[in-house]
Structures are given as C-alpha cells and as structure tokens.
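Structure first, commentary second.
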Amino acid sequence: MKNRVAVVGGAGFLGSHLCNHLSKHGSDVLCIDNLHTGRASNLNLLYSKDGFELLEKDVRELNKVDLEGISQIYNLACPASPPKYQDDPFYTLDVCYTGTLKLLDLAQKTGSTLLHASTSEVYGDPKTHPQAESYLGNVNTVGPRACYDEGKRISETLCYEHFQKFGTRSRIVRIFNTYGPRMDPHDGRVISNFIRQSLSGKPHTIYGTGKQTRSFCYVADMILGLEKIMNLPDNFVLPTNLGTEMEYSVNQLSEVIADICGVAQETVYSELPQNDPKLRKPDLVRAQKLIAWSPEVTLRDGLRLMINDFKEN
Ligand code: NAD
Ligand code: UDP
C-alpha cells in the first residue's frame with residue numbers, strides 16, 4: 001500500500017517543495033493549508049498528479065476524518081518571515097500552540113507520526129556559536145520576535161509532553177535559514193528582498209551594520225533532511241538542527257547576489273530591528289549522527305537557481 005502523508009502548511013515555500021518531493025517519490029500527499037502566507041500556485045506541478053490533494057483548511061480546525069489513512073504528518077503551518085509573523089502576533093502564537101496541539105491529538109488518535117518544523121529562532125540572539133541543541137537559548141520574551149520564538153518553543157514542549165503522556169510519535173527539527181525557488185518575493189526575508197531589489201534596479205536594504213551572520217541552506221538539501229528524520233524508527237526524536245555550516249554576513253550575501261544578478265552592488269543601511277540575532281550557524285553533529293546528512297548545494301549554485309526562478313515568475 002502507498003504511504004499517505006499530510007503536509008500541513010504545504011502551500012508555502014518549504015511545504016510546496018516537500019509535497020513535490022514526496023509525491024515524486026511515490027507517496028500520496030494531502031496538502032493542508034489555509035493560504036495565510038502560502039499560495040495555491042506553488043502547487044501547480046501537483047494538481048494533475050494521482051494521489052495529490054489540497055485541503056484548504058486551518059490546522060486548528062482539523063478533525064480525525066480529515067487525516068484518515070495518513071501515516072505521517074509534517075507540521076509546517078506557521079508564518080515564517082519576521083514581517084509576516086509579527087503582523088499578527090496572536091495568530092502566530094495561537095497557530096504554534098493550538099495548531100501543534102491539534103495535530104498531536106490527531107497523530108495520537110490515528111497512530112501517525114508527526115514531524116514538527118521548529119526553528120533556529122528558539123536560540124534567540126545566541127550567546128554560543130555555533131548553536132548546538134544543548135544550548136538552551138537567549139530569547140527576549142517581551143520583544144517583537146517573541147511571538148514566533150516562544151510559539152515555536154512551546155510547540156516543542158507540546159511534542160515532548162504528548163510523547164511523555166500518550167506516547168505520541170514525533171520528531172522536532174530546528175530548521176536554520178533556508179532559501180530557494182518559490183519563496184514569496186515579498187515576504188520580507190533577506191534573500192528574497194535582495195534578489196527582488198537587484199532585479200528591479202533598487203539598492204539592497206541592509207539592516208544594522210550588515211555584519212550579522214546567517215547560514216543559508218538550499219531548499220532541496222533541507223527537504224532530504226526532513227524526510228530522513230521523519231523516517232527514523234525512533235518514537236520520539238529530540239530537537240535536531242538542520243541547516244548548513246556555510247556562514248555569511250548580510251554584507252557578503254548582498255555582494256554575492258549583486259554579482260550573480262550581474263548588477264553593481266548598491267546598498268542602503270537602516271536600523272537593525274530589535275533582538276535581531278547577531279550570529280547564527282548550526283552545530284550539525286546530532287544530525288550527522290542520526291541521519292548521516294550534510295547539505296551539498298553551495299550558496300552560489302542555490303542562488304543561481306532561485307534568481308532564475310524569480311526572473312521567470
Ligand atoms: P511559509 O510562510 O512560506 O509557509 C508557511 C505555510 O503555513 C503557508 O503556506 C501558510 O499559508 C501555512 N499556514 C499558516 N497558518 C496556517 C494555518 N492556521 N493553517 C494551515 N496552514 C497555515 O514559510 P516557510 O518558509 O515555508 O516555513 C515553513 C515552516 O518551516 C514554518 O513553520 C517555519 O516556521 C519553519 N521554518 C522555516 C525556515 C526557513 O528558513 N524557511 C526556518 C526555520 C523554520
Ligand atoms: N535583513 C536585511 N535586509 C532585509 C531583510 C533582512 O539586512 O531586507 C537582515 C535581518 O535583519 C537579519 C538577516 O538579514 O539580520 C536575516 O533576516 P531574515 O528576515 O531573512 O531572517 P531571520 O532574521 O529570521 O534569520
């Protein structure tokens with residue numbers, strides 16, 4: 001019998017790549033999304049495929065019937081870019097709490113396994129570098145990023161407590177900055193902003209000094225990591241970082257994007273948003289032990305693919 005998988009938040013950037021990958025490799029895929037930040041057009045390659053279905057619904061309103069026959073659930077439902085998750089902080093908090101709890105309850109009732117998409121943001125503005133899973137984080141609970149950071153932290157706790165009390169099978173993955181085709185050019189994240197700006201003859205908007213760093217992982221690498229963690233035999237997988245160790249400052253990123261787009265690098269600097277993490281790079285030892293996985297796509301190669309996608313669309 002075919003594996004039937006639900007991807008909640010599947011019409012978003014990461015979710016649509018995951019739906020494509022799973023469908024291509026033989027699973028039936030039920031994409032569940034309320035199109036809050038996702039786009040139905042992200043799934044255009046899939047509508048004609050046998051075994052693919054889009055259920056337009058809020059994760060918080062799902063019921064057992066919706067997930068009938070599902071053996072694996074990926075929970076990606078949550079706005080991910082800072083401007084989007086800060087737009088309605090109560091929504092962000094509630095999707096993280098009520099949405100994750102709802103999926104855990106349904107996973108328990110249907111005997112399926114939940115993979116929860118957590119984030120490097122649980123480390124806040126970190127005081128250790130790189131960030132290993134053992135680092136407990138430095139999150140300001142009363143700042144503009146808290147609705148997302150704390151929302152994601154409580155989602156992790158829900159997975160843990162559900163496993164403790166009911167034995168619900170789950171995995172927690174802490175995703176570090178991931179980019180690629182089909183990112184929303186207007187979602188406000190740094191790579192989509194810089195590419196859109198370069199392609200429309202505008203300067204890159206750099207926040208702060210631009211010396212803050214991120215480690216940017218190409219989406220295809222991330223999807224393989226997520227699938228491998230989902231398929232581990234363990235009942236509960238402790239939080240595991242996925243991302244790349246290739247670390248760039250925002251200034252360096254701006255330079256590389258301008259270069260690949262074939263334009264002169266122009267920049268305009270403005271204030272750094274409150275609590276913006278200064279350094280970010282994953283420690284990948286746990287991931288390597290668990291799934292023998294390392295990202296392969298270089299920043300330049302990944303950016304070329306994304307820039308072509310932005311040009312075409
Ligand atoms: P995205 O905004 O493109 O995707 C999120 C999807 O969730 C969208 O399709 C949106 O419509 C859907 N959604 C939101 N609220 C929902 C609800 N109530 N019910 C059903 N669907 C809902 O963002 P993304 O970059 O694809 O991120 C996907 C997940 O991965 C998020 O949970 C995010 O926190 C996590 N993550 C992403 C990154 C990254 O760099 N892309 C990094 C860390 C964590
Ligand atoms: N950033 C920037 N210009 C932009 C958008 C973002 O300089 O137009 C900076 C932002 O302040 C942060 C980094 O780029 O330091 C990554 O931002 P993004 O929103 O992509 O992700 P996150 O902060 O959640 O890692």
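Indexing begins at 1, ligand by ligand and atom by atom, following the structure's order.
Atom 38 (C) of ligand 1 has Ile175 CG2, 3.8 Å as its closest protein atom, hydrogens excluded (heavy atom only). When hydrogens are left out, the protein atom nearest atom 31 (C) of ligand 1 is Leu76 O, 3.3 Å; that is the closest non-hydrogen contact. Given atom 26 (O) of ligand 1, the protein heavy atom at minimum distance is Leu14 N, 2.8 Å. At the top of the distance list for atom 9 (O) of ligand 1, counting protein heavy atoms only, stands Asp33 OD2, 2.5 Å. What sits closest to atom 4 (O) of ligand 1 on the protein, heavy atoms only, is Gly12 CA, 3.6 Å. The protein heavy atom nearest to atom 40 (O) of ligand 1 is Thr178 N, 2.8 Å. Shortest contact from atom 10 (C) of ligand 1 to any protein heavy atom: Thr37 OG1, 3.2 Å.
Of the residues Glu133, Glu156, His116, the one that meets the side chain to side chain donor-acceptor pair (under 3.5 Å) test with Arg174 is Glu156. In summary, of the residues considered (Ile206, Thr205, Ile257), a side-chain contact (heavy atoms from CB on, under 4.5 Å) with Asn193 occurs for Thr205 alone. Among Gln131, Glu121, His129, the single residue meeting the side chain to side chain donor-acceptor pair (under 3.5 Å) criterion with Arg280 is Glu121.
Ligand 1 lies out of reach of Lys84, whose nearest heavy atom is not under 4.0 Å from it. Ligand 1 is approached by Lys152 to a heavy-atom distance shorter than 4.0 Å. Under a 4.0 Å heavy-atom criterion, Asn34 is in contact with ligand 1. Within the 4.0 Å heavy-atom shell around ligand 1 one finds Tyr148. Contact analysis leaves Gly99 out of contact with ligand 1, as no non-hydrogen atom separation drops below 4.0 angstrom.
Closest heavy-atom approach to atom 7 (O) of ligand 1 among the candidates Ala117, Gly180, Cys78, Gly38: Cys78. The heavy atom nearest to atom 24 (P) of ligand 1, considering only Ala80, Ser155, Gly243, is found in Ala80.
Close contacts between ligand 1 and Val95 involve ligand atoms 18 (N) [criterion: under 4.0 Å to a heavy atom]. Short contacts between ligand 1 and His36, defined as distances under 4.0 Å to a heavy atom of the residue, involve ligand atoms 11 (O), 14 (C), 15 (N). Taking every non-hydrogen atom of Asp58 and a distance limit under 4.0 Å, the qualifying atoms of ligand 1 come out as 17 (C), 18 (N), 19 (N). Per-residue contacts place Lys57 under 4.0 angstrom from the following atoms of ligand 1 (heavy atoms of the residue considered): 19 (N), 20 (C). Of all atoms in ligand 1, numbered sequentially from 1 with element shown, those under 4.0 Å from a heavy atom of Gly9 are 6 (C), 7 (O), 9 (O), 12 (C).
The ring of Tyr218 has its center closer than 6.0 angstrom to the ring center of Tyr179. Checked against a 6.0 Å centroid threshold, the rings of His36 and Tyr91 count as neighbours. Taking the centre of each ring, His25 and His21 come in below the 6.0 Å mark.
The shortest N or O to N or O distance between Phe13 and ligand 1 is below 3.5 Å. Residue Ser120 has no N or O atom closer than 3.5 Å to an N or O atom of ligand 1. At a 3.5 angstrom cut-off on N or O pairs, Gly15 does not count as close to ligand 1. For ligand 1, the polar-atom distance check finds an N/O of Val59 within less than 3.5 Å of one of the ligand's N/O atoms.
Defined by atom type and a distance below 3.5 Å, a donor-acceptor pair is missing between the side-chain atoms of Asp259 and Gln265. A donor-acceptor contact closer than 3.5 angstrom is absent between the side chains of His162 and Gln164.
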Can you produce the list of protein nitrogen or oxygen atoms under 3.5 Å from a nitrogen or oxygen of ligand 2, alongside each distance?
residue  : atom   : partner : partner atom : Å
ligand 2 : 3 (N)  : Thr205  : O            : 2.6
ligand 2 : 7 (O)  : Tyr207  : N            : 2.9
ligand 2 : 8 (O)  : Asn193  : ND2          : 2.8
ligand 2 : 8 (O)  : Thr205  : O            : 3.2
ligand 2 : 8 (O)  : Thr205  : OG1          : 2.9
ligand 2 : 8 (O)  : Tyr207  : OH           : 3.3
ligand 2 : 11 (O) : Asp276  : OD2          : 2.6
ligand 2 : 15 (O) : Gln212  : NE2          : 3.0
ligand 2 : 15 (O) : Arg214  : NH2          : 3.3
ligand 2 : 15 (O) : Asp276  : OD1          : 2.6
ligand 2 : 15 (O) : Asp276  : OD2          : 3.4
ligand 2 : 20 (O) : Val190  : N            : 2.8
ligand 2 : 23 (O) : Arg145  : NH2          : 2.9
ligand 2 : 23 (O) : Arg214  : NH2          : 3.1
ligand 2 : 24 (O) : Arg145  : NH2          : 3.1
ligand 2 : 25 (O) : Asn177  : ND2          : 2.9
ligand 2 : 25 (O) : Arg214  : NE           : 2.7
ligand 2 : 25 (O) : Arg280  : NH1          : 2.8

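Under 4.0 angstrom from ligand 1, the non-hydrogen atoms of Arg189 all belong to its side chain. Residue contacts with ligand 1, taken as heavy atom pairs separated by less than 4.0 Å, involve Tyr91 solely via side-chain atoms from C-beta onward. At a heavy-atom cutoff of 4.0 Å, ligand 1 is contacted by the backbone of Asn177 but not by its side chain. Residue Leu35 touches ligand 1 through its backbone alone, judged by heavy-atom distances below 4.0 Å. Here Ser118 has backbone heavy atoms under 4.0 Å from ligand 1, and that is the only part of it that gets that close.
Side-chain atoms of Trp293 never come within 3.5 Å of backbone atoms of Met222 as a donor-acceptor pair (strictly under, hydrogens ignored). In this structure, the side chain of Thr178 engages the main chain of Phe176 through a donor-acceptor pair within 3.5 Å. With hydrogens and angles disregarded, no donor-acceptor distance shorter than 3.5 Å links the side chain of Ser192 to the backbone of Gly188.
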Quiz item: Can Asn275 and Asn140 be said to form a side chain to side chain donor-acceptor pair (under 3.5 Å), step by step?
Solution: CA-CA 7 Å; Asn275 302 135; Asn140 177 10; 3.1 Å; yes

Practice problem: Begin with the C-alpha distance, continue with both residues' side-chain angles, and end with the deciding distance and a verdict on salt bridge (Lys or Arg N to Asp or Glu O under 4.0 Å) for Arg214 and Asp276. | Solution: CA-CA 11 Å; Arg214 296 293 186 270; Asp276 197 291; 3.0 Å; yes

Practice problem: Begin from the C-alpha positions of Glu247 and Thr213 and carry the test side chain to side chain donor-acceptor pair (under 3.5 Å) through to its verdict. | Solution: CA-CA 6 Å; Glu247 185 182 10; Thr213 68; 2.6 Å; yes

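Once rounded to the nearest 0.5 Å, the distance linking CZ of Arg182 with CG of Leu14 reads 10.5 Å. Atom CD1 of Ile229 and atom CD of Glu227 lie 11.5 Å apart (nearest 0.5 Å). Atom CD1 of Ile172 is separated from atom OG1 of Thr119 by 13.0 Å, given to the nearest 0.5 angstrom.
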Would you be so kind as to tabulate the donor-acceptor pairs closer than 3.5 Å made by side chains of residues 93-101, with sequence neighbours excluded?
residue : atom : partner : partner atom : Å
Asp94   : OD1  : Thr98   : OG1          : 2.5
Asp94   : OD2  : Arg60   : NH1          : 2.7
Thr98   : OG1  : Asp94   : O            : 3.3
Thr100  : OG1  : Asn75   : ND2          : 3.4
Thr100  : OG1  : Cys96   : O            : 2.6
Thr100  : OG1  : Ser155  : OG           : 3.3

